[in-house]
Amino acid sequence: MNRIVLRRLAQVIPLVLAVIVLNFVLIHLAPGSLFDVMTAEQQISDPAMLDQLRHTYGVDQPTWVQLAKYIWSVMRLDLGFSYRQNAPVLNVIMDQLPATVILMLAATSVALLVGVTAGVLASVRVNTIWDNLISLAAVFFFAAPSFWLGIMMTVLFAVKLGWFPVGGMRTIGADSGAFADALDVMHHLVLPATALGLFYAATYARVMRASMLEVFRLDFVRTARAKGLSPARVVLAHVMRNALLPIVTLLGLQLGTILGGSVVIEAVFSWPGIGSLLFDSVMSRNFPMVLGVLVLGSLLVAVANATVDLLYLRLDPRIRAR
């Protein structure tokens, strides 16, 4: 097990390095820079000042020199300096990261709870009205864009019914202690987490249904039924554990897309996380911040996939035997 963990962690290093090189080259090929934005916004108009700023931040050097310096700084856990926030990139990201992590965990929980439950119900009630309704709902939520779903949920549940706040993470001016603050954050979290999680729940429902139906036809399930086990015990203790393997695979692969989807959802619900920070950084050509978010995102996805591989060993002992 220790050898497997070390091997998976060793694979993270070349992956992060490749992400740094690829994104660094693509960003430098993109037109425009922060200094163009500052000139357009009339923040700086003196050419001599612009040249001084380019020299100060090292953007007047060759691209390969900038890339080598950036890789060396990342190795020292230095993601650069944010011109826009006038602060180190890592500090700014760490300030915004908890909000995005909360949103991602909540959306993933919604996706797993709704998707797995719907998939199990559809497989148990296959070719019935329940199966048809779940399949129809899965197709709808898979096809509906997350931003449109978020807007519709805001109009219905926030504007019309007034059950949830329109946006933000906390109620402005509220100061009622840690427990009340946690409840307030959860209240604000319901709509964005649901809007982001339903898309992935649709995928999990379809995959879980197909996986359950396949496992139901295996010999060990017939043996469990022949022993007189109750249908609920057969489904929960025998079928679900084996049917969850494709869901675990999807979960590891989709963490990156959940992080990308949070950019849109955070913009719709004014959620103060990495997504809104990345969007603002792209629009303002704050490339050190963009690179820092992409590097941490790639690291998160790599670690998540390594965790999924280890979770496979727990769910399927046959993999450990090989």
Side-chain angles (χ1 to χ4, degrees), residues 82 84-85 87 91-118 137-138 140-205 251 254-284 286 289-290 292-293 296-297 300:
S82 173
R84 195 77 169 180
Q85 285 82 11
N91 293 350
V92 178
I93 292 178
M94 289 298 108
D95 290 340
Q96 304 287 99
L97 185 61
T100 296
V101 171
I102 291 173
L103 177 59
M104 289 180 61
L105 291 177
T108 303
S109 301
V110 170
L112 288 175
L113 180 62
V114 176
V116 171
T117 303
F140 172 78
F141 288 118
F142 183 80
S146 297
F147 71 89
W148 176 85
L149 190 61
I151 294 173
M152 293 300 102
M153 292 175 65
T154 301
V155 171
L156 176 60
F157 296 106
V159 178
K160 297 294 184 182
L161 299 177
W163 292 352
F164 301 100
V166 175
M169 185 175 176
R170 290 181 174 88
T171 302
I172 298 176
D175 187 14
S176 304
F179 182 72
D181 183 65
L183 292 179
D184 187 40
V185 172
M186 292 174 62
H187 191 215
H188 285 76
L189 184 63
V190 172
L191 291 184
T194 304
L196 182 59
L198 284 179
F199 171 82
Y200 302 98
T203 305
Y204 295 156
L251 179 62
Q254 289 183 340
L255 278 178
T257 59
I258 292 177
L259 180 60
S262 67
V263 175
V264 178
I265 292 298
E266 288 179 7
V268 172
F269 290 96
S270 301
W271 189 265
I274 295 296
S276 56
L277 177 65
L278 179 61
F279 179 77
D280 177 73
S281 300
V282 171
M283 297 303 295
S284 62
N286 189 2
M289 182 62 68
V290 175
V293 173
L296 286 183
L300 172 65

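We use all heavy atoms of the structure for the numbers below, so side chains are in, but hydrogens, waters and symmetry mates are not.
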Any heavy-atom pair between the side chains of [Y] and [X] that's under 4.5 Å?
{"X": "Met153", "Y": "Leu149", "value": "yes"}
{"X": "Ser281", "Y": "Val293", "value": "no"}
{"X": "Ile93", "Y": "Met289", "value": "yes"}

Non-neighbouring partners of [X] that pass side chain to side chain contact (heavy atoms under 4.5 Å, CB included), sequence neighbours left out:
{"X": "Ala106", "answer": "Leu189, Ala193"}
{"X": "Ala205", "answer": "Ala118"}
{"X": "Pro165", "answer": "His187, His188"}
{"X": "Ile151", "answer": "Phe147, Val155, Val268"}

- Task: Could you list the residues that satisfy ring pair (Phe, Tyr, Trp, His ring centres under 6.0 Å) with Phe142, not counting sequence neighbours?
- Result: Phe199

- Item | Residue list, ring pair (Phe, Tyr, Trp, His ring centres under 6.0 Å) with Phe157, at least two apart or on another chain | Trp163

- Message: Once side-chain hydrogen bond (donor to acceptor under 3.5 Å, both in side chains) is applied, what residue pairs with a partner in residues 93-113 remain, sequence neighbours excluded?
- Response: Thr100-Glu266

- Listed once per pair and sorted, the side-chain hydrogen bond (donor to acceptor under 3.5 Å, both in side chains) pairs that draw on residues 142-153, sequence neighbours left out: none

- Query: Which value, rounded to the nearest 0.5 Å, describes the distance between Thr203 atom OG1 and Leu198 atom CG?
  - Reply: 11.0 Å

- Message: Using 0.5 Å steps for rounding, measure from the CH2 atom of Trp271 to the CG atom of Leu196.
- Response: 11.5 Å

- Considering residues, nucleotides and ligands other than Met152, do more than 12 of their heavy atoms fall under 6.0 Å from its CE? yes

